[in-house]
Amino acid sequence: MDKQSFDARVMAQIHRLHRIACTILPREQDREDAVQEAFIRAWLNLHTLRDDAFFETWLCRIVINECKNLRRRRARAQTAALAADLPAPEPPDPVLAAALRRLDEKYRVPLMLHHVEGYRQEEIAKMLCLPAGTVGWHIHRAKKELAAIMEEAK
Amino acid sequence: MKEFDLKGAYPETPEHFIAHARHALAGLEETARRKSIPRKPAVSLTFALAAILLFAGIAFATVQFGLLDYLLGSQPAKVPSDLLDSVQPLHVNQSSGDIDITLTGGLYDGKRGSLSWEITNRNPAQPVLVELKSFTINRDRGEADSLSTNERLMPPPAALADPSPYTLGGGMVFDVDSPPESGTLDIFATFVVSRPVGELLVADPDINRENADKESEARRVALKKSIEDAGISIAAYDPLDPFGEAWAEKGHTVVTSSGKVFPNPGSRRYGGHVSLSRPGQFERIDTIYLECTLDASFAEQYAYRAAPVEPFAFNGYQIEVNEITITPLSTFIDMFATPESGPYASYEALVELYVNPGKEAPYIKFADAKGNIVEALRLRGVGAWAAQQIESGQYILRRRGTLPGLVEKPAYAVLFRTPASSNGVRNISDVPTAEIKVLPLAYTD
């Protein structure tokens, strides 16, 4: 894959990548940083991708990993000077967004990938390096817990 | 989901995010190129380091440190290309004061993990010691099976006069008990930075000993001059105190010519198991934490796990194979051997009879379907028979450790009984066929 194709395929899913970053990282600045790191890592490791058809899921996986890495680094480097926050964009349904944030990440991410991005459980399993059965269970738990949180919010 | 439209929980992608992504992509090739080039020290320092490394007999270069160089020594060409590709560049960096630590690469091969790093001291006028204090893998405490022996004063005495930032590579190999369910290895490493308390002093038998070989002698003289030029004293050689313990007791911080704060591993006098730094010679000034995630999904296609084998009798032992896991980088074996006469009541008696050099113990190699012994890659860290206490309080033999890795899946494990020689050389062709046990291997995946 040449650089032009790489750029085009990345930009074709830029909204999805932003939503994935939103699912894991609360700060807009961190979302930009993580996605940028993911681009670099993807470009450096493009030769390891054996089939271009899997580029989109492969990139999603890298973005997920980079977001998690950055979140951990932020949690550890409490004294690090952070850049001024970028304004966080408002979701159309802030109550639902807040409820989603209360879910454990291990439930939240597969739920989002399945119900927002439309990935199948097998695809999500590959992205998250989890058995498909575990993904199915996590989605089930996520829906149940989200319903309970929303009920509580009424 | 019927009740909620989850898309409502997500905002529109902001314009600045899209602009940032476009900008990142535009500069991607240049950024990626910069990130993939390892930092190099100044040329003069490179020469100084080369001299130190050659002098100290260090087998691998530390400045251009590569993970697979560390793992495989001189045989990286035998590594499958797919596995080479799966080495993950990490670029995880933390800085504190003048010290930068970067995790540069990682690899999980289905049984063993490995991690490499670079440490830079930006203020070489203040030499420090940086040690990996501890690490966790998926929140469980990790044990380094093989840790880089590079921990030394940074910069070492010979490079103290050079004002350039000093970079040193390091790394470790560790066993992972079972494949992680999460598909990742989350590693959290704690490095401790210490500085010398007393006046630095070099005490090293080799720095004062003349070499018959001209080249070695020239290097020794050059190294000695560099140390003296840096204003560091060199203790006169004392055969009764080659590593300067008497100076340490007087308050000096004693290091070897290459900056090590303890005698070289393998030193007969210390048996290679000396705690790092003598008490009171260094004080902790900082702690640096780094965290990274290794992808474990690449590994599954390479790791072969042998199916359970019925216990069997072999040349005076009852052998029980608990685990054989084979990967291109290592063969992990966990095997029990109970003497047919029964477990021993005394640890010392068992060790005396079966473990010490010159005594006979089962040894293992692997063979292909035609019975040919398969060639193995060299890897550091070979386990030996050890005494294992069982529930009754008695002792049996246990071999839990690693042999060289295998690229091909072997058809057989071959056990033979041979004296454990002091130099580690064993030749299966010298063993009578009647004393060889051929064990067909089946695999669980």
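The model shown is predicted, which means the values in this text are computed figures rather than measured ones. To find a chain, count down the sequence lines: A is the first, B the second, and so on, and within it residues start at 1.
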Distance, nearest 0.5 Å, that separates [atom1] of [X] from [atom2] of [Y]:
X: B:Thr184; Y: A:Ile64; atom1: OG1; atom2: CD1; answer: 11.5 Å
X: A:Met112; Y: B:Tyr10; atom1: CE; atom2: OH; answer: 4.5 Å
X: B:Leu6; Y: A:His115; atom1: CG; atom2: NE2; answer: 7.0 Å
X: A:Arg19; Y: B:Lys7; atom1: CZ; atom2: NZ; answer: 6.5 Å
X: A:Glu28; Y: B:Phe17; atom1: CD; atom2: CZ; answer: 6.5 Å
X: B:His91; Y: A:Asn69; atom1: NE2; atom2: CG; answer: 11.5 Å

- prompt: Do A:Ile14 and B:Arg22 come within less than 4.5 Å of each other through their side chains, counting heavy atoms only?
  reply: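 A:Ile14 vs B:Arg22: side chains apart.
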message: For a 4.5 angstrom cut-off between non-hydrogen side-chain atoms, does A:His18 reach B:Pro11?
response: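 Touching, per the 4.5 Å side-chain cut-off.
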With a 4.5 angstrom heavy-atom cut-off, is it the side chain or the backbone of [X] that approaches chain B, or both, or neither?
X: A:Thr23; answer: both
X: A:Val116; answer: both
X: A:Leu128; answer: backbone
X: A:Arg41; answer: side chain

- prompt: Does the side chain of B:Thr293 pick up a donor-acceptor pair with the side chain of A:Asn65 at under 3.5 Å?
  reply: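 No donor-acceptor contact under 3.5 Å links the two side chains.
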query: More than 12 non-hydrogen atoms from neighbouring residues, nucleotides or ligands closer than 6.0 Å to CD on B:Glu12, yes or no?
result: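 Atom CD in B:Glu12 is not packed in, count stays at 12 or less.
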task: Report, as yes or no, whether the 6.0 Å neighbourhood of atom CD on A:Gln4 holds more than 12 heavy atoms from other residues, nucleotides or ligands.
output: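 Not buried by this count: 12 neighbours or fewer within 6.0 Å.
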message: Would the distance check show the side chain of A:Lys3 and the main-chain N or O of B:Leu25 forming a donor-acceptor pair, the cut-off being under 3.5 Å?
response: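 Judged by distance alone, yes, a pair lies under 3.5 Å.
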Residues B:Asp186 and A:Lys68 bridged, charged N to O under 4.0 Å: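 A salt bridge is absent here (no side-chain N lies under 4.0 Å from a carboxylate O).
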- request: Looking only at non-hydrogen atoms, find the nearest pair between A:Pro92 and B:Gly8 and report the distance.
  value: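 Minimum heavy-atom separation between A:Pro92 and B:Gly8: CD-O, 3.2 Å.
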